[in-house]
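Any value given below was found using the heavy atoms of this structure, including those in side chains, with hydrogens, waters and symmetry copies removed. Numbers restart at 1 for each chain; the letters A, B, ... are given by sequence-line order, proteins then strands.
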Amino acid sequence: MAEEVRSLNFIEHIIEEDLRNGYVQDNLRFRFPPEPNGYLHIGHASSICLNFGLGLRYNAPVNLRFDDTNPAKEEKEYVEAIKEDVAWLGYEWDTECYASDYFQQLYDWAVELIKQGKAYVDSQSSEDMAAQKGTPTEPGKNSPFRSRSVEENLELFEGMKNGDFKEGAHVLRAKINMASTNMLMRDPVMYRILHKPHHRTNTDWCIYPMYDWTHGESDYIEQVSHSLCTLEFLPHRELYDWFLDQLVSKDRLRPKQREFARRNLSHTIVSKRKLLQLVESGVVAGWDDPRMPTISGLRRRGYTPESIRNFADTVGIAKRDNVVDVSLLEFHVREHLNKISPRVMAVLDPLKLVITNYEEGKKEWLEAENNPEDESAGYRQVPFSRELYIEQEDFREEGNRKFFRLKLGGEVRLKNGYIIKAESCTKDANGNVIEVQCTYDPNSRSGSGTEESLRKVKGTLHWVSIPHAVTAEVRLYDRLFTDPTPGAHKDKDFMEFINPDSLEKVTGYLEPSLKEAQIGDKFQFQRMGYFNVDKDSTNEHLVFNRTVPLRDTWAKLDQKE
RNA sequence: UGGCCUAUGGUGUAAUUGGCAACACUACUGAUUUUGGUUCAGUCAUUCUAGGUUCGAGUCCUAGUAGGCCAACCA
């Protein structure tokens, strides 16, 4: 198959240009740098696919680096979850790195900066420092401690390191320019005192480096060539470069930071704070609730790594604000699941159907194709009997020409089985149909080769034999938010847009082949959608999640009428 | 009232760097179909506005407009 010609995104253009200008391809190296303070979500997936995709494209190593400089918010649990998610997406990192591994080196470099007069210890309160910082339209003022002697700075900084001071007493600041139009250049804090144990270095340190003093230097230590981050870090680039200017040696590679726009998905939110709020308020059952946009939630929902990677690829990367419609994600999961999912029959809203001319107590096994998209998937046997369940919405006493399903006096084929004709129906006191009586054509069995079996009827219904049916809890999910951009309203809280019907639990009646289904197994319930076995499932109590419904052109048509 | 970034169908990206605005999704037609699924064929654009340079502008220039980011001892 011919390689599809794919156009380059702007990051790839930058790399190609570097290569044309003499950059050695072997020196290319990337990294994915999550802070281990929460679970990865679909937005991270884009970044993961970008960095690891570049690694694959240029045959370059990609590090997984934990940006663990804030022990107040970070935990080992998140490190493990992140590793699991990246691996599940199908990527292999070259080296597992931690910013905390560089604490000593960072400290030594900071001492060097102090000696060069480029950093100083400030002993003001954070409020005073904030007041002196100025605003985007007004320049800041120099700190009274800005001209401390090198000796005093050295002594104080060492004291900070040794734990001689309490939190907030001092910080180390870079001496740059309090009048810069870039607020980040107004003597940014490099270190703060934090008497908190770190999940890796424990109590070895009581000063911790800030993001800006850590990130570029970590890139430099790891010799990352292109450090890619989201657009809100663009103003940090000037500082990233300033720090690098102070310590890069000529014989080593100098990393460059480039920024891309984060991907936003419609009908969801990805802010860690808001995600946490959903979990803590009990709106969802946890970080891996199948309605969550987390990688673990999508995995549990039944999404495949392939579908998420294809989604990220299709969306691409650029520099403008965006909201990708969730229907594109759904397209990709359907596209993949369509190829790999075995077809089965399951009735989720049962209506009893009795075939009056079918012998009572008789049972026969019908042959059913497992996947029309994949011949190698083979066939299975499905039991058929006199009493079946069909879907409630597949029967109407009367229906117009466009209603291809079962109506009184009308014919329909039972998938893999016989052509039946609805003769009558029984109703309860409220007028609801509770049973349909029909007759079948014994010569019309699917695959029997008879003239009757080849007869065309407009509709085909899925069904399940009542005496053989296996019951299961089936969880039907809908989008969590009713608004396309729940987090983007200035006057309204995103919690106001919670969809009250995002989860519906029903009892499903499944063909007996599903009895042995294992956690994670994926199926297409024919005419209904794609489902997988949830981790709550047991042998006694099967639980299925609906990953995504099938496209339903009839529902749209029917709604219009 | 500062600095920086961005603007291409309903959505997301492309456009060999100045040469026929392309791809995918969505929506809508129609064909095929023992899943109203899949598959196949088709339809849907004054490239934010106004000027300018040029044989030729989505791309370059000027001026607007709109949106975003920046004042944490978070990342």
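Judged purely by distance below 3.5 Å, without hydrogens or angles, the side chains of A/Asp187 and A/Tyr120 pair a donor atom with an acceptor atom.
Phosphate contact (OP1/OP2 of B/A75, side-chain N/O of A/Arg192, threshold under 4.0 Å): present. Distances shorter than 4.0 Å separate none of the side-chain N or O atoms of A/Thr69 from OP1 or OP2 on B/C74. Close to B/U6, at under 4.0 Å from its OP1 or OP2, lies a side-chain N or O of A/Lys319. Between A/Thr553 and the phosphate of B/G37, there is a side-chain N or O to OP1/OP2 separation shorter than 4.0 Å.
Rounded to an integer number of Å, the gap from A/Leu414 CG to B/U34 P is 15 Å. At whole-Å resolution of the value, CG in A/Asn370 and C1' in B/U38 are 16 Å apart. With rounding to whole Å, A/Lys556 atom NZ is found 12 Å from B/G37 atom C1'. Residue A/Arg551 contributes atom CZ, which lies 10 Å from atom P of B/C25 at whole-angstrom precision. Rounded to an integer number of Å, the gap from A/Leu231 CG to B/C5 P is 11 Å. The interatomic distance linking A/Asp313 (CG) with B/C25 (P) rounds to 14 Å, in whole Å. Atom CD in A/Gln132 sits roughly 13 Å away from atom P in B/A72 (whole-Å rounding). A straight line from CG of A/Asn322 to P of B/C69 spans 13 Å, rounded to a whole angstrom.
Distance check on atom P: B/C20 versus B/A57 gives 12 Å, rounded to whole Å. Going from the P atom of B/A15 to that of B/U32 covers 40 Å, rounded to whole Å. Taking atom C1' on both B/U62 and B/A22, the two are 30 Å apart, rounded to the nearest angstrom. For the P atoms, the distance from B/C48 to B/A21 is 15 Å, rounded to whole Å. The gap from the P atom of B/C61 to that of B/U53 amounts to 15 Å, rounded to the nearest Å. Here the separation of B/G18 from B/G52, taken at their C1' atoms, is 15 Å to the nearest Å. Distance noted for atom P between B/C60 and B/A7: 10 Å (whole Å). Here the separation of B/A24 from B/U65, taken at their P atoms, is 39 Å to the nearest Å.
Base pairing annotation: B/U46 forms no Watson-Crick or G-U wobble pair, as no partner gives both donor-acceptor distances under 3.5 Å. Using Watson-Crick or G-U wobble geometry with both donor-acceptor distances under 3.5 Å, B/U59 finds no partner in any strand shown. Here B/C23 sits opposite B/G12 as a Watson-Crick or G-U wobble pair (both hydrogen-bonding atom distances under 3.5 Å). Figure legend. B/G36 is base-paired to no nucleotide; pairs are counted as Watson-Crick or G-U wobble with both atom distances under 3.5 Å.
With A/Asp219 as the partner, the side chain to side chain donor-acceptor pair (under 3.5 Å) test is satisfied by one option alone out of A/Gln257, A/Lys256, A/Arg65: A/Arg65. Tested against A/Thr304 for a side chain to side chain contact (heavy atoms under 4.5 Å, CB included), the candidates A/Thr547, A/Ile340, A/Asn532, A/Asn310 yield a single pass: A/Ile340.
Taking the six-membered ring where the residue is Trp, A/Tyr418 and A/Phe384 present tilted rings, their angle falling between 30° and 60°.
The side chain of A/Val189 lies closest to B/C73 when the candidates are B/C73, B/C25, B/G12. Distances were taken from every side-chain heavy atom of A/Thr135 (C-beta onward) to each of B/C25, B/C69, B/A71; the shortest belongs to B/A71. Of the listed nucleotides (B/G37, B/G68, B/C69), B/G68 has the atom at the smallest distance from the side chain of A/Lys490.
You can call A/Phe404 stacked on the base of B/G36; the centres are under 5.5 Å apart and the planes sit within 30°. For B/G36, the base is stacked against the aromatic ring of A/Trp554, per a cut-off of 5.5 Å between centres and 30° between planes.
The residue among A/Glu167 and A/Arg263 whose nearest nucleotide of RNA chain B lies closer to the 5′ end is A/Arg263. Judged by closest nucleotide on RNA chain B, A/Leu234 is the one of A/Leu454 and A/Leu234 placed further toward the 5' end.
If you check every strand for non-hydrogen atoms under 4.0 Å, A/Lys73 touches a base.
Aromatic ring centroids of A/Tyr211 and A/Phe233 lie under 6.0 Å apart.
Between A/Pro342 and A/Asn371 the shortest side-chain heavy-atom distance does not fall below 4.5 Å.
Figure legend: cation-pi geometry between A/Lys415 and A/Trp463 absent, as NZ or CZ is not positioned both under 6.0 Å from the six-membered ring centre and within 45° of its axis.
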